[in-house]
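Numbers restart at 1 for each chain; the letters A, B, ... are given by sequence-line order, proteins then strands.
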Amino acid sequence: MEDAGSGSRELPRAYDPAAIEDRWAESWVRERLFEVKTPDEARLNELRTEGHDVFTILLPPPNVTGRLHMGHMLNQTEMDILTRWRRMRGDLALWLPGTDHAGIATQMMVERQLAEEGQQRQDLGREAFVERVWEWKRHYGGAILEQMKRLGASVDWSREYFTMDGHLSVAVREAFVRLYDEGLIYRGAYIVNWCPRCQTAISDLEVAHEEQQGDLWEIRYRVVGAPGEFVTVATTRPETMLGDVAVAVHPLDERYQKYLGRKLMLPLTDREIPVIADEWVKSDFGTGAVKVTPAHDPNDFGIGRRHGLPSIDVMDETAHMNAEAGAYAGLDRYAARKKVLEDLEAQGLLGAVREHVNTIGKCDRCKTVVEPRLSTQWFVAVNQSPKAGGDSMAELARRAVREGHIRITPEQYAKVYLEWMNNIYDWCISRQLWWGHRIPAWHCAACKQITVAREDPDNCAHCGSAEITQETDVLDTWFSSGLLPVSVFGWPQPARDFDVFYPTQLLVTGFDILFFWVARMIMLGCWFSKDVPMSDGSTREAKDTVPFREVYIHALVLDAERQKMSKVKGNVIEPVETAKRYGTDAVRFTLASMASPGTNIAFSEARTEGYRAFANKIWNAARFIFMNVEKARGAGIVVDRAALGAMPMVAADAPLEARWIVARLNSEAAEVNAALGEYRFHEAASTVYQFFWGAFCDWYLEIVKLRLDFSEGADRAAAKAELTTLLQTFEAALRLLSPFMPFLTEELWHAVYAGEPPAKSIALTRYPQGKAQTDDRAESDFALLQELIVAVRALRKEVGVGEKVAAPIRIRATRDGLPFLAHSDIIRRLARVTEIHPAATMAEGAGVRSTPQFDVQVIYEKKIDTSAESERLTKELAKQEKVLASAEKQLRNPAFLAKAPEHIVEGLKKQQAETRLLIEKTRKALEELG
RNA sequence: GGGCGCAUAACUCAGCGGUAGAGUGCCACCUUCACACGGUGGAAGUCGUAGGUUCGAAUCCUGCUGCGCCCACCA
């Protein structure tokens, strides 16, 4: 029997997400539901002919060390909603997961583990340490993906990658070699941001700037050969004076003209340093004289270069003073600062000390104060054109956004991106770590030259010497993750995956990694894909080089007090734990309903409670429906399963509520589709919520109770028709809801089909599109009916009719007759009315509710509370008069009549007429009350 | 030093040129045979502040106040 609706399994009275979620999460993975086979050309053409497309989305790879937080869950909920939606629309939807090896973070994690065993990584040696990290990764890595599985993310697990996988490492190496050969990767000694704790260079982006109250010290440098004369410099970092090689002043600064070319005696040392002129110096800052320390300050480094000065490095990699610092050697930088100041003071060389707000850079990862340090590193020359000519990487990346090949939502971030891109510096990509992609460069002991190669070389490419050793540095993690959009699809090998899935459609991510990752992907993606021909052999145009066509920047998730969640503050809301308490669907719905583009989310559990109630509401609607399906079956009435799965269609002579609910389903579905197309998750969520609860449950289900009479002598054909519409609408509503609440809808959808569903999952069915059937007449008729029912309910309350008591009503139509009387059964049931008496006049002294269309009274012996009613009416009257006054004022204004659009004027005229009528009615009612 | 965002009902947020909406909370009534994680009715906002543009402003512009964020090589 091809029937629908479950009777086989009684649904529990209250929805218990815990009872179903693990089961489905596990099943979706086991059934390989979301795996995408790379289509061949024929299949692809077929897809496109049908009006569908490939939808590829890359999961921003979480760190292997990561645990899922609310930000991830928001990000994943948004991606999952979109992916499920696109899949259900018939697109080939691929959501690709993976994890990032996260250089510093992971290395730190394992080092901490070693520390507990009383060891350091140096004790193990590089090879053993790296092996240890791999082992850690195998044991603990990727826990976050397991959490993701539990939350039902519809990703293709068969394609899961790790950024240190073999084929991805090949891509990293290829990219490095190509850029090096182009002269776009270079090695050199420059000032970089150095973290003394991590003992590695970090990029500009990995430095967090903090303002703090500090001191600006003035130090007197004796002028050689001029006893009693000094040049006073100002500095915030006195300890670096030990590495000074000059003092610079502005060339036009009159105060110092006489010292130009003279020598100064560097205090605390026996070195003499020159006074030089450089335009970079601002005469109005400090004393106008700057100590020049090329090894410890990027500006000084620049001055040093311009003037051919040496660099004296006075610190080691742990920010302790080195041998160059003489007596201060071995001291930590702050201890050295203290001692330097004391010694200067003792020698009378310390001048004024001023309070000074300065910004200090801290290591993003460990919060240690970063030291600008001269060291030899590898850089990507992002602003440089390749040898053969053409645009630089940065320029390509700017054009991609400027010319609209990549659309960023919300738009304001496009500006932020371009602003950053316009001011970008070369990217330091080397890290002094052990965990990561080792730089494929070999140093020759014989000729000192560098060999960069795809395959590990045995000999120097320049002199042939076998005495070569590999570079010890590894690459910045973002170098490999920046390549992901090309590398996951097989680049640099020619690959069908690349042809089909590149460019990806969308990137959903947080603002915090816009520069770190998004910008780098755009640079590297555009750069490397431009040489990959299209699948038909044609040259790739700029628009097809981008790594993704759209970027959606999502909100930050804050706690209910709008504070950033952090372990330190202890205000972290655990998503999986929260999902267990309220149900994953409820948490997802909370996030979706608050995910308005461009605003942050203050996550509140109160709201989640509300959506748990919503889930329960859906559950119970299902129970009610299944119960009736059972009842019908008992009477030999069975709904054909084939009627389900599409948009319900109703006959023109079907009951009003059936035509209405189907019309509503169509219009709401259209709205949801439109909202999702523009990332307005909150609108989509509130639309489905209002539809299901406010329309389907509150009105349709209540009316349907009138129709589901399957007993002998009842209109069984009508009952069956209504039951069919009910089931169809519910099934369609489940599909509409399913991207937002995948677990609950999956469970109920299977129940609708009594355990014999037409597909393995609701996720594989089609999304309601909402173009099928509209019915304005049904919507407006129903709206009038609702107005009447609400008015009667309110009157009953006023007059004091008990909840269970039914009472007659008196009704008078103002103009359009009494069309709603045709639905007296609905009025009787929903407003608890016995008889409906059409009347020409309203009775005096009884409460009246009036609308422009009708007046209505409840006939009941118990009189109303006249003073309360009079108060209400007075208030009502005041409101109406205000509305009227405002309308009249505008309608009297010739400028308004001349300039306002016609429909506004017409609307206002209508409002004016209706309000006048209402005022008249209200006044009369007040008079009658006395 | 630049740049950006936000201020709307008690709370959390929508709305972003035509006279204010939702959820939660609150008040009253109702344990009616899907659901008390429920139903019905109700109270609640001079849309931060001062100007301006407009026939019309919560909505656009400017100043101010208060929060928050990002970027930045003045020692």
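Close to B/A75, at under 4.0 Å from its OP1 or OP2, lies a side-chain N or O of A/H356. Contact between the side-chain N/O atoms of A/K797 and the OP1/OP2 oxygens of B/C27 is not found at any separation under 4.0 Å. Within the structure, every side-chain polar atom (N or O) of A/R832 is placed at least 4.0 Å from both OP1 and OP2 of B/C30. Between A/K889 and B/U19 there is no side-chain N or O to OP1 or OP2 distance below 4.0 Å.
By the 6.0 Å contact criterion, NZ on A/K882 is open, its count of non-hydrogen atoms from other residues, nucleotides or ligands being 12 or less. Applying the 6.0 Å contact sphere to CZ of A/R306 captures more than 12 heavy atoms from other residues, nucleotides or ligands.
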Dump the intermediate steps for side chain to side chain donor-acceptor pair (under 3.5 Å) on A/T232 and A/T287, then the final yes or no. CA-CA 7 Å; A/T232 304; A/T287 60; over 6 Å; no
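Using N1 to N3 plus N6-O4 or O6-N4 for Watson-Crick, or N1-O2 and O6-N3 for G-U wobble, each under 3.5 Å, B/C6 pairs with B/G66. Pair check for B/C16 finds none; no Watson-Crick or G-U wobble contact set falls under 3.5 Å. Across all strands shown, B/C71 is found opposite B/G1 as a Watson-Crick or G-U wobble partner, with both distances under 3.5 Å. In a base pair of the Watson-Crick type (N1 to N3 plus N6-O4 or O6-N4) or a G-U wobble (N1-O2 and O6-N3), with each distance short of 3.5 Å, B/U32 is matched with no nucleotide.
A distance of about 41 Å separates the P atoms of B/U19 and B/A34, rounded to the whole Å. Between B/C11 and B/G25, the two P atoms lie 16 Å apart (nearest whole Å).
Across the protein-nucleic acid pair, A/R354 atom CZ and B/A75 atom P stand 14 Å apart, rounded to whole Å. Spacing between atom CG of A/L897 and atom P of B/G56 amounts to 13 Å, rounded to whole angstrom units.
Taking 3.5 Å as the limit, the base of B/C35 and the side chain of A/K617 contain a donor-acceptor pair of atoms between them. Side-chain atoms of A/K705 come within donor-acceptor range of the base of B/A34, with a qualifying N/O pair under 3.5 Å. Side-chain N/O atoms of A/E803 and base N/O atoms of B/A28 include no donor-acceptor pair closer than 3.5 Å.
Side chains of A/E798 and A/R849 form a contact here, defined as non-hydrogen atoms less than 4.5 Å apart.
Close placement of the A/F285 and A/H356 rings is indicated, their centers lying within 6.0 Å of each other.
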